[in-house]
Structures are given as C-alpha cells and as structure tokens.
Colleague: 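Mind looking over this structure? Questions follow.
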Amino acid sequence: MSRYNAKEVEAKWQAGWAEHKSFEVEADPAKPKYYVLEMFPYPSGRIHIGHVRNYTMGDVVARYKKAQGFNVLHPMGWDAFGLPAENAARDKGVHPADWTYANIAHMRDELKGMGLSLDWSKEIATCHPGYYGHQQKLFLDFFRKGLVYRKESWVNWDPVDMTVLANEQVIDGKGWRSGAVVEKRKLDQWMFRISDYSEELLNALDKLDRWPDRVRLMQQNWIGRSQGAHIAFDIIGESDPLNIYTTRPDTLFGASFMAVSADHPLAQRLAKDNPAIKAFIAECHQMGTSEEAIEKAEKKGVDTGLEVAHPFFEGKTLPVYVANFVLMEYGTGAIFGCPAHDQRDLDFARKYGLEVTPVVAPDGTDPEIFETAYTGPGKIINSDFLNGMEIEAAKAEVIRRLEEMGKGTEKINYRLRDWGLSRQRYWGCPIPMIHCAKCGTVAEREENLPVKLPDDVTFDKPGNPLDHHPTWKHVSCPDCGGEATRETDTMDTFVDSSWYFARFCSPRADQPVERDKVDYWLPVDQYIGGIEHAILHLLYSRFYSRGMKETGWSHVDEPFAGLFTQGMVTHETYKSVSGEWLLPDEVDHNDAGELIELATGRAVTVGGVEKMSKSKKNVVDPGAIIEKFGADAARWYVLSDSPPDRDMEWTDAGATGAWRFVQRLHRYIGENMMGICAVGEKAPSEFNENALKLRKATHKTVAQVTQNLEDLHFNNAIARIYEFMKVLNEFMWEDDRGTQWALRESMETIVQLIAPMMPHLAEELWRSLLGHDTMLVDTPWPKADPALIVEDRVTMAVQVKGKLRATIEVALDEQAEKIEEIALAQKSVQNAIGENAIRKIIVVPNRIVNVVI
RNA sequence: GCGGGUGUGGCGGAAUUGGUAGACGCGCUGGUUUUAGGUACCAGUUUCUUAUGAAGUGGGGGUUCGAUUCCCUCCACCCGCACCA
C-alpha cells in the first residue's frame with residue numbers, strides 16, 4: 001500500500017471545490033442561513049500559526065453547518081489600512097498600496113493552501129476605494145444623524161513623527177516608534193458619540209448569551225457604570241457654583257476640601273492671574289500617563305484661595321484645590337474630598353494638613369483613621385440628620401434633600417468616552433469633510449464619493465503626506481463654491497473593521513449594503529477570533545451596528561450572535577551558548593537526545609513555553625508545516641491538542657502524530673475495501689451480533705461527535721474519532737452481507753465525521769476509495785439512529801461505603817431489588833462488608849450501587 | 001488596589017444534573033515484523049505497597065451514602081481594568 005500523498009491530493013481537491021464553486025453562496029430566504037466569520041487578518045505579509053488555528057476552527061464550523069443543510073456564508077477579507085504599510089514606505093521606499101496588495105496576494109495563496117471553505121468571490125480589502133468609499137457614505141449618514149461631531153480634545157502627540165498616538169502606542173511616556181517624549185496637545189478631532197450608547201451597550205450584554213462571560217465582563221467594566229450624584233457647591237463670592245460628581249453622597253459631612261482637575265475651566269481661569277496655579281497645571285501636563293508613573297505620583301495640589309459653602313453644615317466652608325489626581329474626563333472634573341473614606345483623599349489631606357472626620361462607623365464604633373481610609377459598610381455618624389442610617393439609606397436621603405434645595409441630583413456616570421477617530425496618517429480612509437472659511441466644516445457631496453487617496457505621495461518628511469500633497473486638499477466648497485480645504489486626517493482603522501461583516505453580505509453593491517442581503521445574513525451566527533479584541537473592536541462594532549440601524553442600513557443591534565475567542569499558540573524558546581534566541585528550525589536533538597544548535601553543534605538552553613513572537617524567535621512557519629505534513633494534518637493537530645479557548649503548545653511531535661493518523665486512516669480504509677458492500681446498497685433487514693456491535697459504535701460516535709462540534713469542543717470530537725478507530729481495528733471481518741454493509745457504513749461515517757477537520761483526505765477517501773461519484777462537501781451530515789445508541793445492558797459500579805468494590809453487568813433499567821441481589825452476591829463486595837450490618841443500599845439506576853455499612 | 005479565571009499522571013487534557021477519576025493524544029518502557037526510516041503492529045504506563053490493598057484531582061476544613069464537581073478558607077499562577085471620586 002503506497003503512502004498517502006497529501007500534497008498532491010490537497011491541491012487536487014482545492015481545485016475541485018473551486019471549479020464546482022462549492023462554497024459560493026447567495027442569499028436565499030427559502031433556506032436557513034448560517035454566517036460564520038473569523039476576524040479578518042491584517043495583511044502583514046505571511047500568515048502565522050495563530051491564523052491557522054483561527055481559520056481552521058471557523059472552517060470546521062462552516063463545513064459542519066453546510067453538511068447540516070444550512071446556507072453557509074463564510075467569507076474572507078483584509079483589514080488592509082494601517083501604520084505598518086506607511087512604515088514600509090518610509091523604511092523601504094515602497095508605496096503602501098503596492099506593499100499591501102503584494103502581501104494580500106501572498107497571504108491569499110497561503111490561505112488557499114489550507115483548504116478553507118471560503119467564498120472567495122466575496123473577498124474585500126478595506127484599502128480599496130470600492131470599500132472605503134462606502135465607509136465614507138456611512139460616515140456622512142452618521143454625521144447627519146448627529147452620531148459624529150468635531151471637538152477639541154487632548155491627544156498624545158509625537159513631536160518627531162508628527163502624529164497622534166493611541167494610548168497603546170505610548171510606552172513609558174514615549175512614542176513607540178520615535179522614542180520621543182510624547183506631549184499632550186489639544187487638537188480638533190472627529191468623535192463618534194459612542195458614549196450616548198453607554199447604557200444600551202451595557203444592558204444589551206445580558207442578551208449575548210453565546211458570548212464568553214469573560215468578554216461580557218470586560219465590556220461591562222470598560223463601559224463602567226457608576227451610580228452617584230451631582231452636587232452644586234456655592235463658591236463664596238462667586239455667582240456660579242462648583243459642580244462635582246460623587247458616588248458617596250452619604251459621606252458629605254466628612255468633606256474637608258474640594259479639588260478640581262488641572263484642565264477644569266475654573267483652574268484655567270484662575271491660572272491667568274495666579275502664577276503658582278499656572279505652574280502647577282504645566283507640571284500636571286508633563287506627568288507621565290504610564291501605569292508606573294501614576295502609581296509613583298504623589299497626590300499634589302495647590303490651594304486656589306477660593307472657598308465653598310457646605311450645603312447642609314451651616315457656616316462651614318471648604319478650601320478649593322487644583323489637584324493632580326482629578327481627571328477632567330470623568331464626572332465633572334471636580335470632587336469633594338472625604339479623607340476618612342477615600343484613600344486618595346486621605347493621602348492628600350495628610351500632605352496638606354486637612355481635617356479627617358470619620359462619618360461611617362463599622363459596628364457603630366467610632367473608627368480611628370490613620371493611614372488607611374475606611375471603605376467598608378457601617379452606620380453613619382457625625383452627620384446631623386444622617387446619623388444612624390445605613391450607607392444606602394443615607395445616600396438616598398442626601399440626594400432627596402439636595403433635590404429639594406435645587407443643589408443636586410442623582411446621576412449615573414459611565415467610564416466610556418467618545419471614540420476619537422481622527423488619525424494624522426496617509427494609509428487610511430479619508431474623512432469626507434471639507435473646511436470652508438465661510439461655511440465652516442461641511443460634508444463632501446455624495447456624488448464626489450469615494451474621496452480617493454492620492455497615489456502620488458512622498459514619505460520623505462515627517463507628518464501626514466496628505467498635508468504635504470501639493471493639490472489634493474485644495475477643493476472648492478460644496479456649499480458656496482469658494483476656496484476650501486479637505487480634511488487631511490484619515491479614519492482610525494477600527495472604523496474599517498466595525499462594519500466589514502455587513503459589507504460581506506453584498507460585497508460588490510454600489511451602496512454600503514443591500515438591505516435584503518443584510519436582513520437575510522445578519523447577525524453573524526458564529527464569530528471567531530482572539531481575545532485581544534474583546535473590548536475595542538467588538539464594542540465599536542456593536543456601536544456601529546446601532547448606527548447603521550438608525551441610518552436605515554440594517555435591522556440588527558447586535559452584529560455577533562455567537563462569539564468564540566480562541567487561545568494563542570505557544571512554543572518553547574531556545575537560546576544558543578552565546579545567548580541569542582534560536583528558531584525551532586535551528587535546533588534539533590543529537591544522537592544522545594540532547595538539544596543542539598544545528599549550525600554549531602553546541603548545546604541549547606531550553607526556555608519557557610511562550611506566546612510565539614518574532615523577538616524570541618519561537619515561531620514556526622505555517623507554509624513549511626503544510627509542505628511537510630499537509631494541510632489536513634496541520635488542521636487536525638491544531639484542533640486536537642487543547643480545548644480551543646485555551647493556549648496550545650506547538651510541538652513537532654504533536655504535528656507528526658497528526659500526520660501519522662492521516663496515514664493510518666488512509667491505509668485502514670484502503671486495506672479493508674474488499675470487505676465492504678457496493679456503494680448505495682440497501683441495508684439488510686437482519687444483522688448478526690458482530691455487525692450490530694459495529695453499528696452501535698458507529699451511531700454512538702455520530703451522536704457524540706455531532707454534539708462536540710455543536711459545542712465547539714473540537715478536541716473531544718477528535719478523541720471520540722480515535723476511540724472509534726480502535727473499535728474498527730478490533731472489528732472481526734465476516735463474509736456475510738450484514739457485516740459488509742455495517743463495515744461500509746462505519747467507514748463512510750468516519751470519513752464524514754473527519755471531513756470538517758480534514759476535508760481533503762475525507763474527499764479523497766469518499767471518492768477514490770469508497771467509490772462515490774458525488775462530492776462529499778455536498779453530502780448531508782450523518783444522523784445517529786436513536787435505536788442503535790441505547791444499550792440493552794449496562795455496567796454498574798458497586799461501592800461499599802463509597803469505595804469501588806466491583807462492577808456488574810445488568811439489563812438496562814433493571815429493578816432495584818434485582819440489582820441489590822446481584823451486587824451483594826459479588827465476592828469482593830461480601831469481603832468488604834465482612835461482619836458489618838448493612839445500614840442501607842443506595843441504587844442509582846444504570847449507574848451505581850452503594851452499600852452503606 | 002478592584003474585578004475575573006485557572007489549578008487533575010512526565011506533558012496536552014477527558015469526566016451529563018454530585019455517581020467506576022485519569023477517556024483520547026503525546027512521551028516513555030518492553031516486545032513483534034530480516035524494520036532504509038521521523039515505519040507498522042502488540043503489550044504496559046497516577047503513586048505507594050507486604051501484590052493484598054491503600055492513597056490520590058493545589059493545601060486545609062465542611063455538606064453528602066458518595067465530591068474533580070457544591071460551600072468556607074488559604075496558596076500559586078494567569079488575564080482584564082486602574083488616581084473613574
């Protein structure tokens with residue numbers, strides 16, 4: 001029996017499926033739909049093993065659902081805008097578009113080599129005007145609905161690269177690329193009103209019951225709802241009050257100072273005449289935003305000299321400080337400080353000698369506050385009309401009285417802030433807006449869409465090439481026809497990925513989406529991707545879906561009905577004698593079984609198992625893996641090793657094991673071909689014991705694997721298939737029709753069950769060995785016969801005092817008395833009971849007997 | 001600091017509502033086939049043990065006839081958020 005040649009066979013069936021357009025689909029309301037989507041890749045140049053794992057999982061779901069009779073949409077595209085293309089332009093002098101499209105071409109070939117059941121006719125790339133032009137249309141619709149606005153806001157500015165940096169790109173207060181100290185700058189930015197949807201986005205999480213709890217929790221924390229109050233404090237000698245936000249109105253009598261942010265209008269105003277405040281504000285702006293910097297930063301402030309009146313405490317006044325720990329972006333940018341019950345306030349009060357009055361007492365005792373604020377439960381003290389109340393009651397009472405006085409109100413606050421989408425970069429979707437000196441900022445006319453990026457740009461100087469372009473930004477105003485300039489900022493690439501799943505429904509439409517297509521396909525039934533997108537991408541997409549609904553483009557609020565986050569692929573790390581990281585390919589075992597560096601023969605230090613990264617070189621190349629073992633073996637291995645949501649460790653031995661299974665299955669079916677009946681032969685009416693045993697195992701396996709695939713427990717599905725292989729190996733061949741029929745049934749079944757995971761091998765076995773002339777990809781999923789799954793005899797465990805002493809085989813649903821009798825007759829059971837009296841016997845039908853002595 | 005998760009052999013991991021712990025794979029050990037092999041097949045593989053049993057799912061305690069599963073507590077590791085008032 002010759003070896004299975006994966007390379008040849010895989011190429012053959014990939015071509016075969018393409019030729020038969022096996023995975024091209026159209027919306028068809030008569031058929032049930034299923035939309036499977038994996039997070040689309042950034043075209044960095046080559047696929048990595050993480051992609052292989054991600055897309056294999058999606059492919060299993062897609063192929064399985066197709067076999068179940070669903071009309072399956074399974075598309076692929078490219079998240080093709082972004083900074084790496086511009087970096088390549090600066091470093092290598094290649095145009096971002098050329099670089100990106102070349103990468104796409106290469107990665108497309110790599111994905112095709114995996115044998116994915118993708119509808120390539122629906123491929124999209126976000127950097128194509130045919131995509132981003134429609135994104136501009138959506139932007140204008142959002143603008144008209146008031147979902148986009150322009151606002152001056154603080155940004156991280158890299159003075160060398162002359163661009164805004166996202167918070168994630170600021171490392172220890174420095175630009176991640178330039179290394180320059182990042183400045184805080186105020187710039188006009190386009191913003192999405194995502195914060196208007198805080199409550200809606202939060203509440204709707206409850207309905208996403210096919211999302212991981214972890215992701216829902218992360219979004220919940222990110223949105224960050226808190227319940228509290230706004231309170232207006234009268235500033236002595238001023239007409240306007242100081243408005244603050246607090247979640248602890250119950251501690252109002254413990255207030256000993258007020259603090260406002262350095263960016264608070266009051267601080268800004270006072271700074272004009274007060275050099276100390278001015279200097280302090282400058283100091284605050286220099287403060288690092290890194291976690292470390294914040295942790296180390298001392299609570300500092302400067303007294304403004306102003307005082308406010310306590311709303312309830314007649315005659316009591318509180319000093320107003322500008323403080324470095326108050327954030328302008330949260331609440332009102334101002335707080336009252338209650339040192340006894342807030343650690344930050346306490347630190348601040350100790351530094352400036354402010355009073356500390358406890359107002360919440362645990363167990364009714366007067367607590368002494370030294371260096372630690374008390375934030376636990378208790379009863380209110382030292383607080384006039386609140387004394388004796390529980391915290392929650394006191395909060396309600398304070399709010400009630402403030403509302404009566406017109407000095408406060410209950411207020412729910414959210415951490416979520418509006419989404420700034422402006423980026424000072426070339427390789428992104430142009431924002432279709434025009435600035436006119438006369439008319440202000442106006443929308444580009446729709447007939448002028450798409451606003452295309454100019455091709456003739458240079459990257460020889462820092463900053464945004466669109467700004468430097470000689471002509472591109474100079475346009476006439478759509479309203480008055482006068483001289484005007486185009487917005488040169490482009491959109492955050494997260495905008496591109498916030499609606500691509502909708503575009504896939506009608507990827508060539510001459511408008512953003514076609515309603516009937518979207519109505520049929522959306523929401524995505526199963527979305528699969530990395531946990532790293534748990535917050536931003538998924539939250540932005542949820543917001544965008546709502547925006548598209550409000551602008552009439554869609555009917556769904558929630559774009560992803562089911563979400564699955566897969567784990568990372570890890571690998572051992574290796575270091576040479578000289579301390580350099582080594583690729584797994586540069587390392588091998590010598591005859592003595594020690595790891596050595598191939599080039600030098602010297603010993604290698606094995607480091608920890610870590611996430612694959614270029615810097616530590618613990619990467620394997622999917623192309624080389626597929627070349628060596630075949631796509632099926634690679635797919636089988638990434639599915640079999642670990643539960644799909646956990647990290648898996650890539651080992652060469654594991655991949656080899658998968659490859660061996662491919663060979664074994666191919667060999668087994670080839671060798672047993674002569675023992676089976678012809679294709680399509682009718683089942684005989686009678687089966688002997690041998691054949692029946694095989695049929696039962698077959699149908700049980702179908703039931704189990706089907707359930708495992710429904711639950712996305714791919715590793716368990718594979719374990720069940722291995723078990724079934726064992727049964728096949730032990731099976732007794734007999735020259736009778738029932739056995740021959742049962743054997744064909746079992747072999748066809750195993751081929752069908754592996755098909756979602758190893759589609760090429762399955763198709764090959766189905767056609768070339770099992771002799772079908774139809775395609776396996778068009779064959780319905782096998783059904784388990786319930787009558788064959790039920791065993792008529794079961795094995796029960798017999799325990800004495802909870803310890804296993806024997807197992808007995810009895811009829812299914814045997815009477816308890818009979819079971820007791822059999823159990824007690826067992827010698828090992830009698831020995832364990834000995835002279836003891838039996839106190840009672842517990843019988844759990846079909847499972848266990850426990851004799852209590 | 002706040003929130004959440006995980007912990008089972010040498011390794012990855014199985015185990016319906018609490019009901020035979022270690023399925024399946026990898027690795028390892030021994031054997032078979034005159035085996036070019038990263039071959040194939042068979043047997044074994046939690047630990048201890050007087051070979052009869054005993055212990056055992058991070059540690060300790062509890063509920064129960066019975067706990068990997070439920071409760072309390074401690075430990076370790078991982079993830080998310082973080083000067084959010």
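Keep in mind it's a predicted model, so treat the numbers as computed, not measured. Letters go in sequence order (proteins before strands), and every chain restarts at 1.
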Colleague: Quick check: F257(A) with F336(A) (ring centres under 6.0 Å apart)?
Modeller: no
Colleague: Hey, is the main chain of S195(A) close enough, under 3.5 Å, to the side chain of D418(A) for a donor-acceptor pair?
Modeller: yes
Colleague: Please report the distance separating the P of G60(B) from the corresponding atom of A67(B), rounded so that it comes out in whole Å.
Modeller: 15 Å
Colleague: In whole Å, measure the gap between the P atoms of C28(B) and C77(B) for me.
Modeller: 31 Å
Colleague: Which listed nucleotide (A23(B), C84(B), C65(B)) is nearest to the side chain of E723(A)?
Modeller: A23(B)
Colleague: Classify V326(A) by what it touches in the nucleic acid, base, sugar-phosphate, or nothing, heavy-atom distance under 4.0 Å.
Modeller: base
Colleague: Using a heavy-atom distance cut-off of less than 4.0 Å, which residues of residues 258-266 of chain A contact RNA chain B?
Modeller: none
Colleague: Among C65(B), G38(B), A23(B), which nucleotide has an atom closest to any side-chain atom of D652(A)?
Modeller: G38(B)
Colleague: When the C1' atoms of U34(B) and G22(B) are considered, how many whole Å apart are they?
Modeller: 39 Å
Colleague: Taking only heavy atoms on the protein side, list every residue of residues 334-346 of chain A lying under 4.0 Å from any atom of RNA chain B, sorted numerically.
Modeller: I335(A), R344(A)
Colleague: Would you say K726(A) places a side-chain N or O within less than 4.0 Å of OP1 or OP2 belonging to C24(B)?
Modeller: yes
Colleague: Do E572(A) and Y574(A) meet the criterion of a side-chain donor-acceptor pair at a distance under 3.5 Å?
Modeller: yes
Colleague: What about D641(A), does its side chain sit under 3.5 Å from the base of G13(B) through a donor-acceptor pair?
Modeller: no
Colleague: Both distances under 3.5 Å, Watson-Crick or G-U wobble: on that basis, could you give the dot-bracket string for RNA chain B, with [ ] for crossing pairs and | for other-strand partners?
Modeller: (((((((..(((......[....)))((((((.......))))))(((....)))..(((((..]....))))))))))))....
Colleague: Just by distance, with hydrogens left out, do Q704(A) and E723(A) show a side-chain donor and acceptor under 3.5 Å apart?
Modeller: no
Colleague: Can you tell me if R542(A) and Q219(A) form a side-chain donor-acceptor pair at under 3.5 Å?
Modeller: yes
Colleague: Record whether the side chain of N850(A) comes under 3.5 Å of the base of C65(B) through a donor-acceptor pair of N or O atoms.
Modeller: yes
Colleague: Less than 6.0 angstrom separating the ring centers of W211(A) and F564(A), yes or no?
Modeller: no
Colleague: Just compare G38(B), C84(B), G19(B) and give me whichever is closest to any side-chain atom of R415(A).
Modeller: C84(B)
Colleague: Which nucleotide in the set G38(B), A14(B), C83(B) lies at the smallest distance from any side-chain heavy atom of F325(A)?
Modeller: C83(B)
Colleague: Tell me which nucleotide among A14(B), C65(B), U20(B) gets nearest to the side chain of N716(A).
Modeller: A14(B)
Colleague: Check K616(A), M612(A), K611(A) against H571(A) for a side-chain contact (heavy atoms from CB on, under 4.5 Å) and give me the one that passes.
Modeller: M612(A)
Colleague: Using the closest heavy atom to pick a nucleotide of RNA chain B for each, name whichever of M648(A) or R664(A) lands nearer the 5' end.
Modeller: M648(A)
Colleague: What nucleotide, of G38(B), G19(B), G13(B), holds the atom closest to the side chain of K628(A)?
Modeller: G38(B)
Colleague: So if I take every side-chain heavy atom of R847(A) and compare against A40(B), G19(B), A85(B), which nucleotide ends up nearest?
Modeller: G19(B)
Colleague: Quantified in whole Å, what is the P atom distance between nucleotide G1(B) and nucleotide A55(B)?
Modeller: 40 Å
Colleague: Let's test your reading of the model: under 3.5 Å, does the base of C83(B) pair with the side chain of K299(A) as donor and acceptor?
Modeller: yes
Colleague: Which value, in whole Å, describes the distance between the C1' atoms of nucleotides G25(B) and U20(B)?
Modeller: 22 Å
Colleague: Tell me if the CZ atom of R225(A) is crowded by more than 12 foreign heavy atoms within 6.0 Å.
Modeller: yes
Colleague: Consider the side chain of N715(A), meaning its heavy atoms from C-beta on, and name the nucleotide among G13(B), G27(B), C84(B) that approaches it most closely.
Modeller: G13(B)
Colleague: Does a donor on one side chain sit under 3.5 Å from an acceptor on the other, for S226(A) and N413(A)?
Modeller: no
Colleague: Give a yes/no on whether any side-chain N or O of R646(A) is located under 4.0 angstrom from OP1 or OP2 of G12(B).
Modeller: no
Colleague: Remember a base hit wins even if backbone is also touched, and classify L217(A) as base, sugar-phosphate or nothing at under 4.0 Å, heavy atoms.
Modeller: sugar-phosphate
Colleague: When the C1' atoms of U29(B) and G10(B) are compared, how many Å lie between them, rounded to an integer?
Modeller: 13 Å
Colleague: How do R720(A) and L804(A) order along RNA chain B: which one's closest nucleotide is nearer the 5' end?
Modeller: L804(A)
Colleague: Verify side-chain contact (heavy atoms from CB on, under 4.5 Å) between Y245(A) and I231(A), making sure each step is shown before the conclusion.
Modeller: CA-CA 6 Å; Y245(A) 176 71; I231(A) 304 176; over 6 Å; no
Colleague: Which nucleotide sits closest to the side chain of A653(A): C26(B), G3(B), A21(B)?
Modeller: C26(B)
Colleague: Before we go on, tell me: are the rings of F629(A) and Y637(A) under 6.0 Å apart, centre to centre?
Modeller: no
Colleague: Quote, to the nearest angstrom, the C1' distance that separates C84(B) from G66(B).
Modeller: 49 Å
Colleague: Ring centres under 6.0 Å, that's the criterion: do F661(A) and Y722(A) meet it?
Modeller: yes
Colleague: Return yes if the base of G25(B) and the side-chain atoms of S640(A) contain a donor-acceptor N/O pair under 3.5 Å, otherwise no.
Modeller: no
Colleague: Could K395(A) and E410(A) be called an ion pair, given the rule that one side-chain N must be under 4.0 Å from one carboxylate O?
Modeller: no
Colleague: Under a 3.5 Å threshold, yes or no: a donor from one side chain and an acceptor from the other, between D641(A) and N715(A)?
Modeller: no
Colleague: Can you tell which of A85(B), G13(B), G38(B) lies closest to the side chain of Y245(A)?
Modeller: A85(B)
